[in-house]
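For the numbers below, each heavy atom of this structure counts, side chains included, while hydrogens, waters and symmetry mates do not.
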Amino acid sequence: MNAIVSPARGRKLAAACLAAAALAPFGASLAFHAAGPVAQAGARSVERPALVFEQYLVNLREIPPMQEASARFAFANLGDEPLTITALEPGCGCLSPRLEKRTYRAGESGEFFVRIQTASEKPGRKEYAVTVRYTDSVPRETKLIFKV
C-alpha cells in the first residue's frame with residue numbers, strides 16, 4: 001500500500017520535523033540542568049600549598065655601583081600543620097640565600113634574605129632565581145625572582 005502525501009501536508013510535516021530538531025538541544029539542556037551536577041568518582045580536591053610569600057618578585061630596579069645588593073622575601077605558613085623549608089637553591093653561584101630557621105608552625109611567619117655579589121657583574125639588567133623547596137603535607141617548591 002502506497003501512502004500519498006499531498007504537497008501541503010508534506011510542507012507541514014517538514015516544518016514540524018525542522019521545529020523539533022531545532023528545539024531538541026534546548027530541551028536536552030533543560031533536562032541536564034534540572035538533573036544537576038554529577039560527582040565524578042575518584043576526583044580529589046587538591047590541597048593548597050601552605051607556604052605563601054609576601055612577594056614572589058623583588059625588583060630593585062637601578063642601583064648604584066656597590067659590592068653587593070640584597071633582597072628580603074617574607075612568608076607565612078597558612079596551613080594547619082608545621083612546614084619545613086628543606087632547601088634554598090640559588091640559580092647561580094653569585095647568590096647567597098640565608099635562612100635562620102627551617103621549621104614554621106601553622107600561622108607562623110618568617111623571612112630570608114638573598115645577597116648578590118655585584119662587583120664582578122657587568123652593568124645592565126639582571127634576573128636571578130631562588131628555588132625554595134619545602135614540605136607541608138607533601139614536598140613542594142616555589143621559585144622566587146630577584147631583579148637588579
Side-chain angles (χ1 to χ4, degrees), residues 5 10-148:
V5 178
R11 284 190 296 272
K12 286 182 184 178
L13 186 58
C17 288
L18 188 60
L23 292 175
F26 177 70
S29 68
L30 285 177
F32 287 123
H33 180 72
V38 176
Q40 295 180 358
R44 297 184 313 185
S45 65
V46 176
E47 275 189 44
R48 299 182 128 213
L51 187 62
V52 177
F53 285 86
E54 186 177 275
Q55 55 188 355
Y56 292 82
L57 165 70
V58 171
N59 188 354
L60 296 182
R61 304 202 188 279
E62 189 173 332
I63 61 171
M66 60 179 76
Q67 288 294 331
E68 70 178 33
S70 65
R72 175 184 165 268
F73 289 95
F75 57 86
N77 177 0
L78 298 184
D80 297 329
E81 298 178 17
L83 69 79
T84 301
I85 297 176
T86 56
L88 295 177
E89 297 176 359
C92 69
C94 58
L95 291 177
S96 301
R98 188 181 51 146
L99 177 66
E100 301 291 324
K101 183 178 171 179
R102 297 284 177 163
T103 301
Y104 295 85
R105 296 182 315 270
E108 191 174 8
S109 298
E111 65 185 8
F112 73 89
F113 295 88
V114 177
R115 287 188 338 225
I116 179 158
Q117 302 298 323
T118 59
S120 62
E121 296 284 321
K122 291 183 181 180
R125 295 181 190 191
K126 305 281 191 264
E127 182 174 304
Y128 306 95
V130 175
T131 301
V132 179
R133 295 189 191 282
Y134 66 99
T135 302
D136 46 19
S137 59
V138 296
R140 300 181 193 266
E141 69 179 50
T142 299
K143 192 175 209 177
L144 303 173
I145 305 296
F146 178 30
K147 288 185 177 184
V148 181

Q: Is any side-chain heavy atom of Tyr128 closer than 4.5 Å to one of Cys94?
A: yes
Q: What closest approach, in Å, do Gly79 and Ala106 show between heavy atoms, and which atom pair accounts for it?
A: O-CB, 3.2 Å
Q: To the closest 0.5 Å, what do you measure between CZ (Phe146) and CZ (Arg115)?
A: 11.0 Å
Q: Atom NZ of residue position Lys101 - does it have more than 12 heavy atoms of other residues, nucleotides or ligands inside 6.0 Å?
A: yes
Q: Does any part of the side chain of Thr135, heavy atoms only, come nearer than 4.5 Å to the side chain of Thr86, both counted from C-beta?
A: yes
Q: Quick check: do Arg72 and Glu54 have side-chain heavy atoms less than 4.5 Å from each other?
A: yes
Q: Are side-chain heavy atoms of Thr142 and Tyr56 found at a separation under 4.5 Å?
A: yes
Q: Check Leu88 against Arg102 and note the closest heavy-atom contact, atom names and distance.
A: N-NH1, 4.3 Å
Q: Distance check, rounded to the nearest 0.5 Å: Lys126 atom NZ versus Leu60 atom CG?
A: 14.0 Å
Q: Hey, does Val132 have a side-chain heavy atom less than 4.5 Å from the side chain of Phe112?
A: yes
Q: Could you report the tightest heavy-atom contact between Asn77 and Arg105, atom names first, then the distance?
A: ND2-O, 3.2 Å
Q: State, with a plain yes or no, whether a side-chain heavy atom of Ile85 is found less than 4.5 Å away from one of Phe75.
A: yes
Q: Identify the two heavy atoms, one from Glu111 and one from Leu99, that lie closest to each other, and give their separation to 0.1 Å.
A: O-CD1, 3.6 Å
Q: Might you point out which heavy atoms bring Leu95 and Ala129 nearest each other, and give the distance in Å?
A: CD1-O, 3.4 Å
Q: Can you measure from CG (Leu51) to CD (Glu141) and round to the nearest 0.5 angstrom?
A: 12.5 Å
Q: Of the non-hydrogen atoms in Ala50 and Leu83, which two are nearest, and what is the gap between them?
A: CB-CD2, 4.0 Å
